[in-house]
Amino acid sequence: MHAARSALLLAAGLWVGACAAADSLLADLDQRLSRSGIEAVNSYLGAHWASAMVPLNRKTAACELHAVGLSVKLSRGRDARAVQAHGEALRAAAGGCPRFVLAMVTPAEVPRYCASVASWGAAQTARELRRRIADIEADEQLRGSRRGQACRAAYVYELENTRVVVKRTAPSARAAGK
């Protein structure tokens with residue numbers, strides 16, 4: 001009984017420690033941003049990809065609001081690799097917390113984040129774009145806002161004009177293929 005309780009306490013302590021480390025990452029990045037600016041933070045993230053960029057992007061994609069806000073700011077940098085990574089995380093977040101993402105970005109940035117994630121295949125992209133379009137249409141606030149409308153339009157455009165377009169085969173072509 002005592003061993004089980006000790007193991008539980010140890011696990012809880014490790015979990016709390018992991019949460020504190022994650023929170024300390026965001027606090028550290030905020031401090032770096034205020035002291036050194038976007039380019040220096042993106043350079044740091046590039047040099048510490050596995051220990052800093054990956055956890056930041058994971059938190060952003062999971063809609064942790066502090067991480068989303070930080071990623072939006074950092075996505076405005078000049079480091080192409082970092083900007084691309086922030087963009088991918090924000091595109092993922094736009095599916096889970098679109099109101100927050102759209103509130104944080106400028107109107108000109110909306111199409112950049114209302115797009116598919118590069119790792120999705122064509123079928124998943126089509127399904128996810130349709131789901132996101134339906135979510136915007138079902139949300140009165142998003143449906144009525146300029147950013148929500150721009151986001152919906154970007155999703156519709158991608159769905160109708162990119163690699164996810166599924167061409168219908170004519171009946172005579174299918175018969176000839178038999």
Side-chain angles (χ1 to χ4, degrees), residues 15-121 124-125 127-136 139 141-143 145-159 162 164:
W15 181 80
V16 168
C19 289
D23 291 341
S24 69
L25 170 67
L26 298 179
D28 178 52
L29 293 174
D30 272 334
Q31 287 178 349
R32 288 175 186 274
L33 183 60
S34 67
R35 279 193 320 259
S36 306
I38 291 172
E39 301 312 323
V41 174
N42 279 337
S43 179
Y44 170 80
L45 289 168
H48 299 88
W49 199 265
S51 63
M53 181 67 89
V54 170
L56 172 62
N57 288 347
R58 196 173 297 126
K59 291 174 153 310
T60 299
C63 288
E64 290 188 29
L65 302 184
H66 186 183
V68 171
L70 193 54
S71 291
V72 168
K73 292 173 191 172
L74 295 172
S75 73
R76 296 176 179 142
R78 291 187 302 267
D79 181 317
R81 184 174 180 228
V83 168
Q84 181 180 1
H86 298 308
E88 282 294 299
L90 288 164
R91 282 187 283 284
C97 52
R99 282 186 186 186
F100 189 72
V101 173
L102 293 177
M104 296 291 298
V105 301
T106 66
E109 293 171 323
V110 168
R112 185 180 338 159
Y113 303 121
C114 292
S116 63
V117 174
S119 64
W120 295 342
Q124 182 182 5
T125 299
R127 277 191 310 272
E128 184 63 18
L129 292 175
R130 286 185 186 106
R131 183 193 67 77
R132 291 177 180 205
I133 291 166
D135 286 351
I136 290 170
D139 185 314
Q141 184 178 356
L142 286 176
R143 188 177 61 240
S145 73
R146 293 179 98 169
R147 289 180 181 160
Q149 292 167 2
C151 187
R152 182 190 178 285
Y155 288 143
V156 168
Y157 180 84
E158 183 175 2
L159 186 61
T162 65
V164 300

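Numbers here simply count residues along the sequence, with the first being 1.
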Mind checking the [atom1]-[atom2] spacing from [X] to [Y]? Nearest 0.5 Å is all I need.
X: L142; Y: D135; atom1: CG; atom2: CG; answer: 9.0 Å
X: C151; Y: R146; atom1: SG; atom2: CZ; answer: 15.0 Å
X: D30; Y: K73; atom1: CG; atom2: NZ; answer: 6.0 Å
X: L159; Y: T125; atom1: CG; atom2: OG1; answer: 9.5 Å
X: H86; Y: N57; atom1: NE2; atom2: CG; answer: 6.5 Å
X: M53; Y: N42; atom1: CE; atom2: CG; answer: 5.5 Å

Looking at Q84, I'd like to know if its CD atom is crowded, meaning that more than 12 non-hydrogen atoms belonging to other residues, nucleotides or ligands lie closer than 6.0 Å. no
Neighbour count above 12 (heavy atom, 6.0 Å) for R35 CZ: yes
Could you pull out the closest heavy-atom pair between [X] and [Y], with the gap in Å?
X: I38; Y: G77; result: CG2-CA, 3.5 Å
X: P55; Y: L25; result: CB-CD2, 3.7 Å
X: A93; Y: C63; result: O-SG, 3.5 Å
X: S75; Y: V72; result: OG-O, 2.7 Å

If we only count heavy atoms from C-beta on, is the [X] to [Y] side-chain gap below 4.5 Å?
X: V68; Y: K59; value: no
X: V41; Y: S36; value: no
X: L33; Y: L74; value: yes
X: P98; Y: R132; value: no

Counting distance only, does the side-chain N/O of [X] pair as donor-acceptor with the main-chain N or O of [Y] below 3.5 Å?
X: R131; Y: G95; answer: yes
X: R147; Y: L102; answer: yes
X: T60; Y: A67; answer: yes
X: E88; Y: V117; answer: no
X: S43; Y: E39; answer: no

Hey, could you give me each pair passing salt bridge (charged side-chain N to carboxylate O under 4.0 Å, His left out) that has a residue in residues 97-106? Not counting sequence neighbours. R99-D139
Quick test of your reading: applying ring pair (Phe, Tyr, Trp, His ring centres under 6.0 Å), list the pairs with at least one residue in residues 33-74, sequence neighbours left out, ordered by first then second residue.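 Passing the test, one end in residues 33-74: Y44-H48.
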For E109, side-chain contact (heavy atoms from CB on, under 4.5 Å) partners two or more places apart: R76, V105, T106, R112, Y113
Apply side chain to side chain contact (heavy atoms under 4.5 Å, CB included) to the pair L56 and L26, showing each step before the final yes or no. CA-CA 8 Å; L56 172 62; L26 298 179; 3.7 Å; yes
Between S116 and E158, is a side chain to side chain donor-acceptor pair (under 3.5 Å) present by the stated rule, with each step listed? CA-CA 8 Å; S116 63; E158 183 175 2; 2.4 Å; yes
